[in-house]
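Have a look at the structure below, then the notes.
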Amino acid sequence: MASMSEREALAALTWLVENGADEALEREPVNRLAQPPAQPALPAERPRPAEPAREPRSSFRAPEPPPVWTPPQESLAAPVDGLADAEALARAAESIEALHDAIRAFEGCALKASAKNTVIGRGNPEAKLILIGEAPGANEDRLGQPFVGEAGRLLDEMLKWIGLDESNVYITNVLFWRPPGNRNPTDAELALCRPFIDRQIELMQPSLLMFLGGIATKSMLHESRGILKLRGHWYDYQTTPGGRVIPALATLHPAYLLRQPAQKRFAWQDFLKFKQAVSSGVHIS
Ligand code: URA
């Protein structure tokens, strides 16, 4: 590598961390400056007919977006390694405490290897309202609690708008471990956490659920439509086919609202809808 002073190397590292690249993703370092392997020679191109002369174009070229690594998505039909273990462990838990011990002991989800903490839930485990977000971020991973960063503060504020707080809601995520660099989770990672989330719902018997953001909503409902289509509607949620039906409202993720504050008006409508359901008689704690 071209020589870099210690100060420059530290500045480059700080820049990477500030931009979210705060995890080493591979066991072995990758030398991105190494020469790529020689490409096989392409067949010679046939000469093209001359193109008519064009007006000169503007010299502006949009910069190439940086590459983002996402693990290859497994087909949903493919068996997920460790899923049977997750289901058996979740089913065997007869109390919330036993379930949380089982989640902490579960080694089947590879995300656990890069996470600092297993992040399960905060709030009242006896509450009748469960909010389900996406995944721990850097703050949550460090502190072992969901929604404790900026998005969490906004979520708490939104709950306050409708007269709720940690004493009458339970807040959890569709993933218990932070995906490295906050990348999107894979279907397999979501599938491995799902038996525990469903068991949490069965043990708590909530009156209402709220799904926060596209990843949580689409994964909980096995939906492919986007969150802007799904939000603001109620869905019948069942942990098992034929099981008890729990009304679930989908809304926007607080982290998205921090980036797109104009969308808060839709979240406000959704939270009011949730409040109406709460005040129309559901037992909340
Ligand atoms: N975003 C989430 O979806 N969950 C958290 O716990 C934190 C941020």
Side-chain angles (χ1 to χ4, degrees), residues 17-23 68 70 96 99-100 103-104 106 109 111-112 114-125 127 129-160 164-166 169-187 189-194 196-198 200-201 204 206 208-221 223 226-228 230-231 237 248-261 263-264 266-267 270-271 274:
V17 171
E18 281 170 358
N19 283 280
D22 56 355
E23 299 286 343
V68 176
T70 316
I96 299 284
L99 178 67
H100 292 185
I103 297 170
R104 284 189 209 97
F106 182 58
C109 181
L111 290 177
K112 189 174 183 182
S114 56
K116 293 188 180 72
N117 270 303
T118 299
V119 178
I120 302 179
R122 75 169 164 98
N124 181 355
L129 308 173
I130 304 184
L131 275 59
I132 305 178
E134 180 181 331
N139 289 311
E140 290 75 18
D141 185 38
R142 192 164 44 83
L143 299 172
Q145 292 256 304
F147 283 102
V148 288
E150 221 187 323
R153 280 191 287 282
L154 177 58
L155 177 61
D156 287 345
E157 227 176 89
M158 295 184 336
L159 287 170
K160 209 155 78 183
L164 299 173
D165 59 32
E166 271 200 5
V169 303
Y170 186 75
I171 303 172
T172 185
N173 284 310
V174 287
L175 288 171
F176 302 113
W177 299 278
R178 180 191 184 207
N182 294 346
R183 66 158 167 76
N184 282 345
T186 65
D187 289 337
E189 289 158 357
L190 289 163
L192 287 165
C193 294
R194 183 59 171 273
F196 299 108
I197 295 157
D198 280 341
Q200 175 93 27
I201 293 172
M204 285 182 64
L208 298 175
L209 300 172
M210 185 188 264
F211 302 145
L212 304 166
I215 300 254
T217 304
K218 286 160 55 169
S219 147
M220 292 301 285
L221 299 175
E223 259 288 352
I227 186 64
L228 295 178
L230 297 170
R231 65 143 281 278
Y237 187 76
L249 182 69
T251 191
L252 303 172
H253 194 285
Y256 170 74
L257 300 175
L258 290 171
R259 295 192 302 272
Q260 304 282 340
Q263 304 286 317
K264 282 187 188 169
F266 296 119
D270 301 343
F271 271 68
F274 198 70

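Quick note: numbers below take in every heavy atom, side chains included, and nothing from hydrogens, waters or symmetry partners. Numbers for residues simply follow the sequence, beginning at 1. In listed order, ligands and their atoms are each counted from 1. Everything numeric in this text was worked out from a predicted model, so none of it was measured.
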List ligand 1 atoms under 4.0 Å from H253, heavy atoms only on the residue side. 1 (N), 2 (C), 3 (O)
As a quick check of understanding, evaluate ring pair (Phe, Tyr, Trp, His ring centres under 6.0 Å) for F106 and F196, giving each step before the final call. CA-CA 10 Å; F106 182 58; F196 299 108; 5.3 Å; yes
Would you say the side-chain atoms of R231 pair up with the backbone N or O of D270, donor to acceptor, closer than 3.5 Å? no
Considering residues, nucleotides and ligands other than E166, do more than 12 of their heavy atoms fall under 6.0 Å from its CD? yes
For atom 8 (C) of ligand 1, the option (of G213, A135, G133, P254) bearing the nearest heavy atom: A135
Report, one line per pair, each donor and acceptor closer than 3.5 Å where one atom sits in a side chain of residues 209-220; sequence neighbours left out.
| residue | atom | partner | partner atom | Å |
| --- | --- | --- | --- | --- |
| T217 | OG1 | G213 | O | 2.7 |

Quick check on contacts: which atoms of ligand 1 are under 4.0 angstrom from a heavy atom of E134? 2 (C), 3 (O)
Carboxylate-amine/guanidinium proximity below 4.0 Å for E140 and R178: no
Closest to atom 4 (N) of ligand 1 among protein heavy atoms sits N173 OD1, 2.9 Å
Non-neighbouring partners of L143 that pass side chain to side chain contact (heavy atoms under 4.5 Å, CB included), sequence neighbours left out: V148
Taking both backbone and side-chain atoms of E140, is any N or O found less than 3.5 Å from an N or O belonging to ligand 1? no
Return a yes/no value for P136: is any of its N or O atoms, backbone included, closer than 3.5 angstrom to an N or O of ligand 1? no
Ligand 1 contact on P146 by region, counting heavy-atom pairs under 4.0 Å: both
